[in-house]
Amino acid sequence: MAELYIRVAEDENEEPMEIPSEDDGTVLLSTVAAQFPGACGLRYRSPVSQCMRGVRLVEGVLHAPENGWGNLVYIVNYPKDNKRKMDEIDASSAVKIKRGDQKTSDLIVLGLPWKTSEQDLKDYFSTFGEVIMVQVKRDVKTGNSKGFGFVRFTDYEAQVKVMSQRHMIDGRWCDCKLPNSKQGPDEPMRSRKVFVGRCTEDMTAEELRQFFMQYGEVTDVFIPKPFRAFAFVTFADDQVAQSLCGEDLIIKGVSVHISNAEPKHNNSRQMMDRGGRFGNGGFGVHHLFSNFPGRSPSLAAMFERSQYQFPSSHV
């Protein structure tokens, strides 16, 4: 007896697949499920009524309609819940595929301890996913760590996970971010200089330099003279500077507050007119300082020469 095949499809508009029947003309549900996982039955459209009809199923065996299987196309039935789950799985897979298309970027790791090596860095971040590259930035002359480095992952999801949390590396909290060079063209350039408020007179520029070098390379420390209880610290990387803004840090037993120091080119046009006076009210810097006890002309001149304005909260 020649083997009989029936045509089965997942949908009426899809190309059918031929499924073999048994010697007695029945079709096993397991045979259908082997090609269509999760199938629980078959249905077909009646040539007479044009309505969908179910195929009789008895103990895992599908029985042909009254006139035989014929040349009809039989549609696979799925349990509603199972079909919904399959759709959800498909949607989830699509999201993962889309994420997989996204390329990873070099991440900057801020606040590294001096002792952290590249192998230490790789060992730590390998727990999140496959690491392509690690690098600890070091001083060219001394070979000492600058307190920050870079890491790159193979998988984009690993990168997202790493960026969503802080990291304890060799006993110190570190942050992972996209370097400033990776930001969009519409994002403003961020300052590398921070304003350090609540300083005490016994804090020297060298002491401030040594303290802030634990977060990243320091290129300049400026303490105004005469002393005015604040200082400016400039980092080589703006990401380091921005990561510290808003923090209260303890230096020599004193709590200092770190805030953003805005570049003069960003706000000078808003703050001053062409004559070097403030746009609101026409008062110059010398006039502003003359209204405060103890403010000297030399301080005003120093302020005018500075590339940075005081944060608004301290003026």
Side-chain angles (χ1 to χ4, degrees), residues 108-118 120-121 135-150 168-175 177 179-180 189-265 285 289 294-311 313-315:
I108 186 169
V109 186
L110 304 173
L112 285 177
W114 305 120
K115 64 180 182 179
T116 301
S117 66
E118 292 183 343
D120 295 333
L121 211 58
Q135 180 185 28
V136 175
K137 297 298 290 183
R138 300 182 181 278
D139 185 271
V140 177
K141 296 180 180 178
T142 65
N144 295 330
S145 168
K146 292 184 177 181
F148 68 97
F150 296 91
M168 178 64 74
I169 302 176
D170 287 341
R172 182 182 295 279
W173 284 110
C174 303
D175 293 296
K177 302 179 181 179
N180 194 48
M189 292 297 292
R190 290 176 287 191
S191 173
R192 295 183 294 112
K193 181 174 287 191
V194 296
F195 179 92
V196 185
R198 303 199 294 256
C199 293
T200 56
E201 200 163 359
D202 64 337
M203 294 179 186
T204 66
E206 184 57 30
E207 287 174 333
L208 291 178
R209 179 187 297 275
Q210 290 299 323
F211 176 84
F212 283 104
M213 279 180 63
Q214 65 182 299
Y215 301 102
E217 182 181 2
V218 175
T219 59
D220 184 62
V221 176
F222 174 68
I223 300 177
K225 294 182 180 181
F227 179 72
R228 287 295 181 266
F230 66 84
F232 289 107
V233 176
T234 304
F235 291 92
D237 192 290
D238 65 339
Q239 288 281 351
V240 177
Q242 295 305 310
S243 70
L244 293 176
C245 289
E247 296 286 338
D248 290 300
L249 305 175
I250 304 298
I251 303 178
K252 299 184 71 172
V254 177
S255 174
V256 301
H257 183 73
I258 313 300
S259 55
N260 188 49
E262 298 179 2
K264 187 174 180 181
H265 67 265
V285 174
F289 277 93
R295 271 24 178 203
S296 65
S298 60
L299 178 61
M302 178 272 304
F303 181 64
E304 283 186 327
R305 289 195 301 269
S306 172
Q307 292 184 342
Y308 288 80
Q309 309 287 350
F310 293 127
S313 58
H314 296 274
V315 173

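For the residue pair Cys245 and Ser259, the shortest heavy atom distance occurs at SG-C, 3.9 Å. The nearest pair of heavy atoms linking Leu112 to Gly149 is CD1-N, 3.6 Å. Nearest heavy-atom pair across Ser145 and Gly147 is OG-N, 3.0 Å. Shown here for Ile223 and Ala205, the closest heavy-atom pair between the two residues is CD1-N, 3.5 Å. The nearest pair of heavy atoms linking Val109 to Cys174 is CG1-CB, 4.2 Å.
For the atom pair Gln214 CD and Phe148 CZ, the distance stands at 14.5 Å (nearest 0.5 Å). Here CZ of Arg172 is found 10.0 Å from NZ of Lys115. Values are rounded to the nearest 0.5 Å. One finds the CG atom of Asp220 at 11.5 Å from the CG atom of Leu208 (value rounded to the nearest 0.5 Å). Interatomic distance, OG1 of Thr200 versus CZ of Phe227, reported as 6.0 Å (0.5 Å rounding).
Between Asp170 and Thr116, the side chains place a donor N or O and an acceptor N or O closer than 3.5 Å (distance only, hydrogens not considered).
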Note to self: Pair Val136, Ser117 - check side chain to side chain contact (heavy atoms under 4.5 Å, CB included), show working.
What the structure shows: CA-CA 7 Å; Val136 175; Ser117 66; 5.9 Å; no

Next item on the list: Evaluate side chain to side chain contact (heavy atoms under 4.5 Å, CB included) for Val256 paired with Met203, printing each intermediate quantity in order.
Entry: CA-CA 11 Å; Val256 301; Met203 294 179 186; 4.0 Å; yes

Next item on the list: Evaluate side chain to side chain contact (heavy atoms under 4.5 Å, CB included) for Ile258 paired with Phe212, printing each intermediate quantity in order.
Entry: CA-CA 11 Å; Ile258 313 300; Phe212 283 104; 3.8 Å; yes

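In this structure, Gln135 contributes its side chain and Phe150 its backbone to no donor-acceptor pair below 3.5 Å. At distances below 3.5 Å, not a single donor-acceptor pair connects side-chain atoms of Thr234 with backbone N or O atoms of Arg192.
Other residues, nucleotides and ligands place no more than 12 heavy atoms under 6.0 Å from the NZ atom of Lys137.
Classification of the Phe195-Phe232 ring pair by plane angle, with boundaries at 30° and 60°, yields perpendicular.
Residues that satisfy the side-chain hydrogen bond (donor to acceptor under 3.5 Å, both in side chains) test with Thr142, not counting sequence neighbours, are Asp139, Asn144.
With contacts defined as side-chain heavy-atom distances shorter than 4.5 Å, the pair Phe235/Leu244 qualifies. Proximity of Arg209 to Val233: side-chain heavy atoms (C-beta onward) are nowhere separated by under 4.5 Å. At least one side-chain heavy atom of Tyr215 sits under 4.5 Å from a side-chain heavy atom of Leu249.
Sorted by first then second residue, the salt bridge (Lys or Arg N to Asp or Glu O under 4.0 Å) pairs that include residues 243-256, not counting sequence neighbours, are Arg198-Asp248, Asp202-Lys252, Glu207-Lys252.
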